[in-house]
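Before any comments, here is the structure.
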Amino acid sequence: MTSTRYLEPSKSTAAFNGVVRGLTKLGLSVWGSRVLGVRGRKSGELREVPVNLLPFEGKQYLVAARGETQWVRNLRAAGEGQLTVGRRTQTFTYRELSNEEKPAVLRSYLKRWAFEVGAFFDGVNAKAPEEKLLEIAPGYPVFEIFTK
């Protein structure tokens, strides 16, 4: 289920993410943002990054638009993480979706956040045929989360 696709954030993106993380930690969710906290697989230290929590068909998902990010690798190693908005933190476990399960979630993610993440999908958008979404699915880890 792992892929080797990874798009490293630019310095400006890293700066923007820092602002979003700060606002979200203050309780101001930006377009559904949460601060994902997960223990580093090598350091054991809590690592934080802003993410978009996708509600879809009564469930909640995290999509790694940049591919095999550090947070994806850390989450797989830790087996759990936490999502924070303001003072509210929820611990969660997850189930990673198979490639066959991803197209509907990817389509919903693109419908909601294409303005923000569309550049990471190489021209694929929410109107793409199911076959195209299935073709790109291996490059986009998707996690269904279960809050504790």
Side-chain angles (χ1 to χ4, degrees), residues 1-9 13-14 16-18 20-25 27-122 124-126 128-148:
M1 202 177 315
T2 38
S3 122
T4 56
R5 182 184 162 280
Y6 173 59
L7 302 175
E8 189 170 348
T13 299
F16 176 76
N17 284 347
V20 172
R21 186 179 66 230
L23 290 172
T24 304
K25 287 192 88 158
L28 302 170
S29 178
V30 182
W31 298 303
S33 65
R34 301 290 187 276
V35 174
L36 169 65
V38 65
R39 295 277 167 206
R41 62 194 180 283
K42 296 176 184 173
S43 69
E45 294 178 22
L46 188 65
R47 303 292 184 187
E48 294 182 329
V49 63
V51 294
N52 293 323
L53 182 62
L54 176 68
F56 178 66
E57 295 185 346
K59 299 176 182 177
Q60 295 183 311
Y61 298 90
L62 293 176
V63 175
R66 292 179 174 276
E68 287 291 309
T69 62
Q70 296 300 322
W71 74 256
V72 167
R73 296 172 193 173
N74 289 338
L75 184 59
R76 286 177 179 151
E80 68 176 14
Q82 60 187 39
L83 293 170
T84 301
V85 176
R87 294 185 199 174
R88 196 181 77 169
T89 297
Q90 293 181 298
T91 302
F92 69 90
T93 57
Y94 68 87
R95 176 183 74 86
E96 190 165 357
L97 273 61
S98 68
N99 291 328
E100 293 74 25
E101 295 175 284
K102 293 177 186 177
V105 175
L106 291 174
R107 184 180 312 283
S108 179
Y109 186 79
L110 284 165
K111 279 181 185 174
R112 187 156 184 176
W113 288 297
F115 67 93
E116 183 182 346
V117 300
F120 310 135
F121 283 82
D122 298 322
V124 176
N125 62 35
E130 187 84 4
E131 301 79 38
K132 186 62 177 175
L133 292 169
L134 192 55
E135 180 185 315
I136 69 165
Y140 300 87
V142 178
F143 302 90
E144 178 184 356
I145 67 158
F146 308 98
T147 55
K148 293 182 174 182

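The backbone N or O of S29 sits nowhere less than 3.5 Å from a side-chain atom of S33 that would complete a donor-acceptor pair. Side chain of R41 to backbone of R39: no donor-acceptor contact under 3.5 angstrom is found.
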Could you walk me through whether R47 and N74 pass the side chain to side chain donor-acceptor pair (under 3.5 Å) check?
-> CA-CA 9 Å; R47 303 292 184 187; N74 289 338; over 6 Å; no
For L54 and W113, what are the C-alpha separation, side-chain angles and deciding distance, and is it a side chain to side chain contact (heavy atoms under 4.5 Å, CB included)?
-> CA-CA 10 Å; L54 176 68; W113 288 297; 3.7 Å; yes
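For the side chain to side chain donor-acceptor pair (under 3.5 Å) test with E48, the passing option among Q82, R21, K25 is K25; the others fail.
Salt-bridge formation is not detected for the pair R5/E68: no Lys NZ or Arg NE/NH1/NH2 atom is positioned less than 4.0 Å from an Asp or Glu carboxylate oxygen. For the pair K148 and E80, the salt-bridge criterion is met [side-chain N within less than 4.0 Å of a carboxylate O].
Of all heavy-atom pairs spanning P138 and K102, the tightest one is CA-NZ, 4.3 Å.
F92 places a side-chain heavy atom less than 4.5 Å from the side chain of L75. A heavy-atom distance below 4.5 Å is found between the side chains of L106 and V142. Side-chain contact between L62 and L53: present, with at least one pair of heavy atoms (C-beta onward) separated by less than 4.5 Å. The closest side-chain heavy-atom distance from T24 to T84 is not below 4.5 Å. For the pair R66 and E8, the minimum side-chain heavy-atom distance is 4.5 Å or more. Inter-residue side-chain proximity for Y109 and F121 is flagged as met; some heavy-atom pair is nearer than 4.5 Å.
Cation-pi geometry between R95 and F146 is not satisfied (NZ or CZ under 6.0 Å from the ring centre, within 45° of the ring normal).
In this structure, F120 has its ring center at least 6.0 angstrom away from the ring center of Y140.
Evaluation of the side chain to side chain contact (heavy atoms under 4.5 Å, CB included) rule for R107 yields K111, A126, E130, L133 as partners, not counting sequence neighbours.
Atom CG of L110 and atom CD of E116 lie 11.5 Å apart (nearest 0.5 Å).
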